[in-house]
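What follows is one structure encoded as C-alpha cells, with my remarks underneath.
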Amino acid sequence: MEHLNMLFSHPSTVSSISQVSQTLKAHQNALSSEINSLELEQAYKPDSSLERMQSAQTELAELFRKIETVRSRAIETEQNITSMTAEIKRLDGTKRNLTLSMTALKRLQMLTTAYEQLRGLAKTRQYRECAGLLQAVIQLMKHFNSYRSIEQIATLSREVSELQRELLEQVCEDFEMTFVKGEVATKRSMLVEACLVIDALGDSAKSRIITWYVNTELREYRQVFRGNDEAGNLDNIGRRYAWFKRMVKTYEDEHAAIFPSHWHVGELLTTAFCDGTRDDFKGILERSMRRGDGGKVDVNLLLRCLQETLDFEQSLEKKFSDGPRASIDTLSSTEEKTHNFNGLVSVAFEPYLSLWVDSQDKQLASLMPKYRNQPLIPADEEFSPQGIIPSAIELFHFYKLTLSQCAKLSTSDRLLDLSKVLSKYLDEYAQQVLLHILQAGGSHGPSLHNAILVLNTADFWYINTGQLEENIKKRIDNDLVPKVDLSSQADAFLGVASAAVLALVHLVELECEGTWREMKNTNWSTMDTAGDQSTYVGELVKHVNTKTEEILGLVGKQQYARAFCDNLVEHMASAYINNIVVCRPISEVGAQQMLVDKYALTKSFGSLLSHHNPSSPTQQAPPSSFVRRVEHSMNRMDPLLKTLQVRPSPPEGLVQAYLIHIGDRSDTNFKKILDLKGIRKQDQSHLIELFGIHRDGSSNEKLVQSSPLLTPLMTTAGMGSGAGIAGMNPGAALTAASGARFDAGFLGERLLSAARDIGNTTQSTEKATINENLRNFGKFFKRDIGGLGARFGKGSADDGGR
C-alpha cells in the first residue's frame, strides 16, 4: 500500500496505470536477465562452485583411505603388543595371588597365635591384655568371613565365638562373686580391666553387665518398697528418695570408678530407679481409685508427694546437666541425647492433677475473703502514689508458681483447667476485693489513698493478665491455644480502673457541694444586669483546682490523668445543667449571667490537665483534643441558656428561639422551658398552642422528636443529681450503664451507685451480671482512654446525644 501510494499520489495519476505497469514489467525483465547472466558466469568461470565441490569430494575420499590405513595398522599393533605382554600379565596375576595367599596365611597365623594366647590369658584373668588381644582377634576374624566355607576356617570361627562367650560368662561371674562377697574394694582394678573386655565384646555384652548391675543395686529397693504395703505407700515417698540418695552416694564412692565414663552407668541407674518408682506410684494411685477411695484421696498428701517428686527431679537435672546420657527407653540403647529428668516420675500424678487443680481452686477461694479484709497498706509502711495493694503481689506470685508447677506435669487439659480457675479468681479479685474497696466508703466513696491504690492495682493486673495469657499459650499444647482467653478478665480490671477514676471524680464533686448550694440560693429571677462571673464560680473553680491538683499529684500514668479530667469535666457539666433546673425560675438576665458563668468555667476547666506533673520543666499547653472536649461538654447547656435568654413577649420570639436552639417537637419539653422561666400555668396554654402551630409548619420538617438535653431534666430535677440511678438495684444500674452507648456523664454515677450496693446483694446471677458489666465498662473505658478524647474532636450532632 505504501508503494502504491507513492506511485499514485494523486487521483489524476490513475490514468497512467498502464504505463506504470509496462515500466514495472520492463524493470522485472531486466532484473531477470541480470540474474541469469550472473548464474552463468558463476557456473562456468575458472574458479566455479562446481569445480570446488568436485575437488572437495576427491579430497574426502583420500582422507577416508588414510583413516582406514591407520586403523588397520593400530589393530595390527595391538595384536602384536598383546602377544608380547601375555606372559607378563600371567606373571602379574600369579604374583597377586601369591601375595594374597601369603597375607591370608600370615593373618591366619596371627589369628591362631592370638587365639591361643587369649585362651591362656583368659584362664589367668589377665583382663587388660585380654582386651587388646580380643580386639585383635575380632578384627582378624572379620577378614575370614568370606572363607567360612573352608572347614578349618569355620572351626576356628566357632572356637573364637565360644571363647568370646566364655569370656563374657567369666567376667559376669567375677562381677557377681565380687559383689556378693563384698570384695569390690580389693578387686576394683580387676573389675576395671574386665570392663575393657566388655567394651571389646560389644554393646550387647555392655548392656548385659549394666542391666545386671542396675538390677543388683535396685533389688533391695524393690523388695522394701514393692513387697511392703506400709513402706511402699505415698506416705513414705521421702524414704524412697532418701534411699536412692544413699545408693547414689555408694555408687559414686565405690562403684563409679569401675565403669568407663562413656557407659553413663550413673544416669542409667537413675533412669531405672525413676521408671520403677513411676510404675509404683501409678499402681498405688490406680488401686486407690479401684477401691473407690478416689474422692477420699488426701489432696494435701498428694500435693506433698508431688512437690517432693518435682524437687527430686530438679535435683537430678542439676546433677546430670553436664553431658548427654543414654536413651531412657531401654538400657540396651546406645543412642545418646540430651537428658531430661523433668516429668520422668511426676508423670504418674498427671491423671490425678484434677484433684490438685481443685485444691488450687479451694485455696484461692479461701484467699479472697482474706484479701478483702486485709489492710491496703502494711502497718510498717507508708502510702506511696505508685503503691500496689499487697494482696495483688501475693496473688501474682501464687499464680506464677502454680502455673510453673502445672506446666511441668501437664501441658494439655489440666493446664487448660488451671487457666480457667485462674481466670475465675481474677474476676473474683476484681469484684470482691477491688470493687469492694471502692464501695467501702458508702455515699462518700473511698478515701483518696484507697482509690489511688485500687487504680494502680487494677492497672497492674490489666497489664499482667495479658502477660499471663501469653505465658499459658506458650506452655499449653498447640491445639488448646485458641481456648485460652483472658481478655474478658483484662477488661474487668480496666473496668475497675475506670470505676476508680470515677471515684476520684466523686471526691471532687463532694468538695463542690457547698458551692452548688450557693448557686441554688441565688435569686436568678430578679437580676437586673449580667456582669462578671458570679461569686460562686470562683469558689467552684478553687475547690475543683485544689482537689484536682491533689489527685493528679498521685496519679502516675498520663492516660488515667486524662481520663480523670475528661470525666470530671463531663460530671461538672452535668451537675451544672441539673442545678440550672433547681434554680428556677430563671429570668432572661439570669440566663445571660449563667452563660457568662459557663464561659468562665469552660476556660478554667481547660487547664485541669496542667496539674498533672506540674513540676515538669517542659510544661506544655493542654492538648487541643482535651480543650475541644471541655468545650463540647460545657457547650451542651448553651441551647438551654440561649432559649431562656429570650423574653416570653412577643410569644413568637420564644417559640422560634426554642425551635432554633432546642429543635424538637415535644410539648412536654417546651413546657419545661416555660416552667424554668417561671411562666404561670394560665399563661402557658397560649404559648403551647402557638408552639404547636409553628412546630407543624412546613419549614420545621427537620425537628427531632425529643431533645436529648431536655428529656431527662425533669426526671432528676426533684431528686438531685444522680438520685434516679442511685435508687436502682446494682444489677439494673450496671445493665443500664453498659447496655447503652457510652455516656461519660451518667455511667460513672450508675457504676458507683451499683458498687456501693453490691454488698447488699447475695444472688449469684446478679453477681455474674455485675461482673459481666464490669467487663463491658472496661471495653468502653479502653476505647475512651485509647482515643484520649479523639471521639469528641469533631463535635458532631451525634456527640451532643452522648
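Side-chain atoms of Glu78 and Thr82, non-hydrogen and from C-beta on, do get closer than 4.5 Å to each other.
For the ring-ring contact (aromatic ring centres under 6.0 Å, His included) test, no residue two or more places apart in sequence or in another chain qualifies with Phe605. Under the rule for a side chain to side chain donor-acceptor pair (under 3.5 Å), the partners of Tyr576 that lie at least two apart in sequence or sit in another chain are Tyr536.
Summarising the geometry, atom CG belonging to Leu659 is positioned 9.0 Å from atom CZ belonging to Arg665; distances are rounded to the nearest 0.5 Å. How far CD1 of Ile673 is from CG of Leu644: 5.0 Å, rounded to the nearest 0.5 Å. Expressed to the nearest 0.5 Å, how far CG of Asn669 lies from CG of Asp664 amounts to 4.5 Å. Considering CD of Gln467 and CG of Leu486, their distance stands at 12.0 Å, rounded to 0.5 Å. With values rounded to the nearest 0.5 angstrom, Ser707 atom OG is found 8.0 Å from Leu713 atom CG.
Salt bridge Asp92/Lys89: absent, no basic N to carboxylate O contact under 4.0 Å. The residues Glu631 and Arg628 are annotated as not salt-bridged, no charged nitrogen and carboxylate oxygen being separated by less than 4.0 angstrom. Under a 4.0 Å N-O distance rule, the pair Glu469/Lys473 qualifies as a salt bridge. Under a 4.0 Å N-O distance rule, the pair Lys598/Asp638 qualifies as a salt bridge.
Thr23 places a side-chain N or O within donor-acceptor distance of the main-chain N or O of Gln19, the cut-off being under 3.5 Å. Under the 3.5 Å distance criterion, the side-chain polar atoms of Asp485 are matched with a main-chain donor or acceptor of Ser487. Proximity of a side-chain donor or acceptor of Ser72 to a complementary backbone N or O of Thr69 within less than 3.5 Å is detected. A distance-only check finds a donor-acceptor pair linking the side chain of Ser607 to the backbone of Ser604 [under 3.5 Å]. Looking only at distances, no side-chain donor or acceptor of Asp459 sits under 3.5 Å from a matching main-chain atom of Leu455. A donor-acceptor contact shorter than 3.5 Å links the side chain of Ser633 to the backbone of Arg629. Judged by distance alone, the side chain of Ser21 and the main-chain N or O of Ser18 form no donor-acceptor pair under 3.5 Å. The backbone N or O of Asp427 lies less than 3.5 Å from no partner atom in the side chain of Gln489, so there is not a single donor-acceptor pair. No donor-acceptor pair under 3.5 Å is formed between the side chain of Thr411 and the backbone N or O of Ala407.
Counting only N and O atoms by type, the side chains of His694 and Glu652 include no donor and acceptor under 3.5 Å apart. Side-chain atoms of Thr711 and Ser706 form a donor-acceptor pair, as typed in the model, at a separation below 3.5 Å. Counting only N and O atoms by type, the side chains of Asp491 and Tyr462 include no donor and acceptor under 3.5 Å apart.
Heavy atoms from other residues, nucleotides or ligands lying under 6.0 Å from NZ of Lys483 number 12 at most. Within a 6.0 Å radius of CG in Asn80, other residues, nucleotides and ligands contribute more than 12 heavy atoms. By the neighbour-count criterion of 12 heavy atoms within 6.0 Å, atom CD of Gln28 is sparsely surrounded, having that number or fewer from other residues, nucleotides or ligands.
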Q.
Could you walk me through whether Ser157 and Met141 satisfy the side chain to side chain contact (heavy atoms under 4.5 Å, CB included) test, starting with their C-alpha distance in whole Å, then the side-chain angles of each, then the deciding distance to 0.1 Å, before giving a yes or no?
A. CA-CA 7 Å; Ser157 177; Met141 198 64 227; 3.4 Å; yes

Q: Report the C-alpha distance between Arg65 and Glu68 in whole Å, list the side-chain angles of each, state the deciding distance to 0.1 Å, and finish with yes or no for salt bridge (Lys or Arg N to Asp or Glu O under 4.0 Å).
A: CA-CA 5 Å; Arg65 284 194 297 270; Glu68 183 62 25; over 6 Å; no

**Q.** Steps toward side chain to side chain contact (heavy atoms under 4.5 Å, CB included) verdict (Phe8, Val20)
**A.** CA-CA 10 Å; Phe8 306 102; Val20 171; 4.3 Å; yes

Q: Kindly determine whether Arg636 and Glu570 satisfy salt bridge (Lys or Arg N to Asp or Glu O under 4.0 Å), including the steps that lead there.
A: CA-CA 10 Å; Arg636 284 191 298 144; Glu570 197 71 26; 3.6 Å; yes

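Using cut-offs of 30° and 60° for the angle between ring planes, the Phe493 and Trp461 rings count as parallel. Classification of the Phe670-Phe691 ring pair by plane angle, with boundaries at 30° and 60°, yields parallel.
Leu480 pairs in a side chain to side chain contact (heavy atoms under 4.5 Å, CB included) with only one of the listed residues (Ile472, Leu415, Asp413), which is Asp413.
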